[in-house]
Colleague: 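Here it is, the structure in full.
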Amino acid sequence: MRDPTRPMAFGLDRGVEIRDHDSHAAEAEALLNESWLSEDDTRRSSLNENDAPQLALASLQDSSDLDNAHLRAQGHEAALQRSFSPLAALGLGFSITNSWVGYLSNFGQNLIYGGPQSVVFGLLVATTVQWTITLGLSEVASTFPSAGGQYHFTYILAPTKHKKFAAFVIGWMTLLGWWVITCSGVSLCAVSVAGMINFWHPSWEAARWQIYLIYLVTIFITAGPLFLSPKSVPKITQATLFLSVSGFVIVFILLLALKKQTRPASFITESGLGTSGWSDGTAWMIGIGNALYAYGGTDGAIHIAEEIPRPGKNIPLAMNLTMCIGFLTAFPMTLALMFGMTDIDAVLNSKLASAEIFYQITQSKGIVTFMQCWVIVVYFMSLTSQWVTAGRMTWAFARDRGIPYSEFFSHVSTSLDFPVRATILSICFCCIYGLLYLASTTAFNSIVTSAVLYLSITYAVPQGIIVSRGRATSLPARAFNLGNLGYICNILSPLLVAVIGTFICFPPELPVTTSNMNYTPVILFGLFIVIMGLWYTRGKKFVGPRIDWELLNLTACK
């Protein structure tokens, strides 16, 4: 048996803490040998002592004990039931991105940037960019599956001197990102409801306080299932997946069957149709950043890693199938809309662009109402998954003492079997943040943009660390191994985020005025100052996971 006082070479260059390693290794070995000893103590003496952990591991291979042992190897005990099936995890992941309905909410901005060309080809480029980033991130998630996600990966991978600071910053960026993106989903529901009313009654325009009231009602409706029937949440995520995909099929067929005319292909490829004032090249790059909204939150499935069996295998599967289904729904829908659109100006000037373009194609208010209501129902049902993700991320960060009152918010309800307090904290944040909509819709939307960019940064940082330290010394055994493709993903991810992030900070139109100014850079800096303030007041209490590399390698991909 290997001397437990000697750290494995794999963790040595990483500066892994080896304090109390004797007791930790003994505990790990006891876990793996439990079933081995219970069957026949005498047979162990006839076998090589080195074979015992491997043989015991084989007996645990089909049980949750193996998953819990893998989690324990990352410094945490199992606190939640593994109630999400692989299909439910896919439902959660896709219901968050929901690419085809997500792109319906903001494709009009790409029409401003570069016309139909930007809408269609911008989405293609955005798919390539986001899938490259998601591939690399899913491999890391396969290696270190934890509800903490990106900050957890950063703490494990970063050099000892910087790991605590880097993980704390990434943790708050992820947390703020998920809180604000959830607010964005809630506001999308509220604006869509008001937009449908305006579609039928053009003279009516919702006041901001009316939007906020719909916003609050949306919060309580969509968060309700978590508290009223928490065991049904995995079924809700599966139902949302079915509702979204079936909705795409129905809407797509209706658009093709009822279209009155078809634009020529030259209309889709024509340049110079943008009205933003930017040059074609610059407008195109800004449009790619806007199209990335169709794939926002691809890390969603990572944050239920402790509630799904075989997370090292099933999480990457859910993340990449989310991208696959997203593209297969968003791209055909985009083509149908652009080829069937008859009046660009009417789409840009409407309160709800998707309803207007549906009407231009079908010429039936009744059918438009049916299709748009289906889209709004998908928006509503998707929010349950966002509450799950935001709550789990808050709970995980509290467990590692990353937020104030961590002991209180790291509590898991024994009756409801989920982190109730952390979820309520996320809900309270969204209620308060929504008040900003009353003061300034520009500020509200700028912070949303900043949060999306924050999440993209958290996807790239762990991969950047892997590049700097080397894949061979950074990543142990894992169920999902990209091999040489991993180098491409890990190198490109930070570069792509840096380039796209720069263009996201550009003003949407020229000339720049106070009304169309992009405040994203200011907000990014402001939020970072807040995070730094939290670091100097709270950072000393933050603790990261203590890794047992021997147990981690044994339980990684058996």
Colleague: Does any donor atom in the side chain of Trp387 or Thr222 lie under 3.5 Å from an acceptor atom in the other side chain?
Modeller: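 Yes, because at least one side-chain N or O of Trp387 sits under 3.5 Å from a partner of the opposite role on Thr222.
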Colleague: If you apply the rule side chain to side chain contact (heavy atoms under 4.5 Å, CB included), what do you find for Cys489 with Leu482, and how did you get there?
Modeller: CA-CA 9 Å; Cys489 295; Leu482 290 176; 4.2 Å; yes
Colleague: Got a sec, which residues hit side chain to side chain contact (heavy atoms under 4.5 Å, CB included) with Val530, two or more places apart in sequence or on another chain?
Modeller: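 Partners of Val530 by the side chain to side chain contact (heavy atoms under 4.5 Å, CB included) criterion, ordered by chain and then number, come out as Leu534.
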Colleague: Flag yes if more than 12 heavy atoms outside Gln261 fall under 6.0 Å of its CD atom; otherwise flag no.
Modeller: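 Counting neighbours around CD of Gln261, more than 12 heavy atoms of other residues, nucleotides or ligands fall under 6.0 Å, so yes.
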Colleague: Would one find more than 12 heavy atoms of other residues, nucleotides or ligands at under 6.0 Å from atom CD of Gln363?
Modeller: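 More than 12 within 6.0 Å, yes.
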Colleague: With salt bridge (Lys or Arg N to Asp or Glu O under 4.0 Å) as the rule and sequence neighbours excluded, what pairs involving residues 350-378 come up?
Modeller: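 Pairs touching residues 350-378 that pass the test: Glu205-Lys351.
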Colleague: Going by the salt bridge (Lys or Arg N to Asp or Glu O under 4.0 Å) test, which pairs reach into residues 332-348, not counting sequence neighbours?
Modeller: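 Residue pairs with at least one partner in residues 332-348: there are none.
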Colleague: Taking side chain to side chain contact (heavy atoms under 4.5 Å, CB included) as the test, write out the residues that go with Ala439, two or more places apart.
Modeller: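 For Ala439, no residue satisfies side chain to side chain contact (heavy atoms under 4.5 Å, CB included) once neighbours in sequence are set aside.
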Colleague: Can you tell me how the ring of Phe506 sits relative to the ring of Phe503, calling it parallel under 30°, perpendicular over 60° and tilted otherwise?
Modeller: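 Phe506 vs Phe503 ring planes: tilted.
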Colleague: For Arg82, which residues count as a side chain to side chain donor-acceptor pair (under 3.5 Å) partner, sequence neighbours excluded?
Modeller: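 Testing Arg82 for side chain to side chain donor-acceptor pair (under 3.5 Å), a comparison that skips the adjacent residues, returns Asn68.
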Colleague: Does Asn290 offer a backbone N or O that forms a donor-acceptor pair with the side chain of Asn106 under 3.5 Å?
Modeller: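 Present.
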Colleague: Tell me, please, which residues at least two apart from Trp131 pass ring-ring contact (aromatic ring centres under 6.0 Å, His included).
Modeller: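 So Trp131 forms no ring-ring contact (aromatic ring centres under 6.0 Å, His included) with any residue.
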Colleague: Listed by chain and number, what are the side chain to side chain donor-acceptor pair (under 3.5 Å) partners of Ser413, not counting sequence neighbours?
Modeller: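 Applying side chain to side chain donor-acceptor pair (under 3.5 Å) to Ser413 gives Ser415.
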Colleague: If only side-chain N and O atoms count, and only distance matters, is there a donor-acceptor pair under 3.5 Å linking Tyr293 with Ser184?
Modeller: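 Checked: Ser184/Tyr293 side chains pair up, N/O donor to acceptor below 3.5 Å.
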Colleague: Mind listing the closest non-hydrogen atom pair of Ile268 and Phe121 along with its distance?
Modeller: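 Closest approach of Ile268 to Phe121, heavy atoms only: O-CE1, 4.1 Å.
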Colleague: Which pairs with one or both residues in residues 227-246 pass ring pair (Phe, Tyr, Trp, His ring centres under 6.0 Å), sequence neighbours excluded?
Modeller: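 Ring pair (Phe, Tyr, Trp, His ring centres under 6.0 Å) check on residues 227-246 returns Phe227-Phe418.
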Colleague: Indicate the ring-plane relationship of Phe153 and Phe144, choosing parallel, tilted or perpendicular according to the 30° and 60° boundaries.
Modeller: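 Because their plane-to-plane angle lies in the 30° to 60° range, the rings of Phe153 and Phe144 count as tilted.
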Colleague: Under the salt bridge (Lys or Arg N to Asp or Glu O under 4.0 Å) rule, what pairs show up with a residue in residues 382-399, not counting sequence neighbours?
Modeller: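 Only Glu306-Arg399, Glu307-Arg392 qualify under salt bridge (Lys or Arg N to Asp or Glu O under 4.0 Å).
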Colleague: Going by distance alone, is a donor N or O of one side chain under 3.5 Å from an acceptor N or O of the other, for His76 and Asp400?
Modeller: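 Result is yes, a qualifying pair exists.
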Colleague: Considering only residues two or more places apart or on different chains, which pairs with a residue in residues 435-445 satisfy salt bridge (Lys or Arg N to Asp or Glu O under 4.0 Å)?
Modeller: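 Matches after skipping sequence neighbours: none remain.
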Colleague: Would you check if the distance from the ring center of Phe397 to the ring center of Tyr151 is below 6.0 Å?
Modeller: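 That pair passes the under 6.0 Å test.
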Colleague: Are Ser426 and Thr394 linked by a side-chain donor-acceptor pair shorter than 3.5 Å?
Modeller: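 Note: Ser426 and Thr394 side chains meet the donor-acceptor criterion.
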Colleague: Looking just at side-chain N and O atoms, do Ser385 and Ser95 make a donor-acceptor pair shorter than 3.5 Å?
Modeller: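 There is such a pair (donor and acceptor under 3.5 Å, judged by atom type) between the side chains of Ser385 and Ser95.
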Colleague: Holding to ring-ring contact (aromatic ring centres under 6.0 Å, His included), I want the full list of residues that pass it with Trp284, two or more places apart in sequence or in another chain.
Modeller: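 ring-ring contact (aromatic ring centres under 6.0 Å, His included) list for Trp284, sorted by chain: empty.
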Colleague: Closest approach of Gln109 and Pro508, non-hydrogen atoms and distance?
Modeller: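 Looking at all heavy atoms of both residues, the shortest contact is NE2-CB, 4.0 Å.
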Colleague: Among Asn98, Thr97, Thr127, whose side-chain hydrogen bond (donor to acceptor under 3.5 Å, both in side chains) with Tyr295 holds?
Modeller: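 The option that passes is Thr127.
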Colleague: Taking only residues two or more places apart in sequence or in another chain, which ones pass side chain to side chain contact (heavy atoms under 4.5 Å, CB included) with Thr329?
Modeller: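 Side chain to side chain contact (heavy atoms under 4.5 Å, CB included) list for Thr329, sorted by chain: Phe94, Trp100, Phe248, Ile325.
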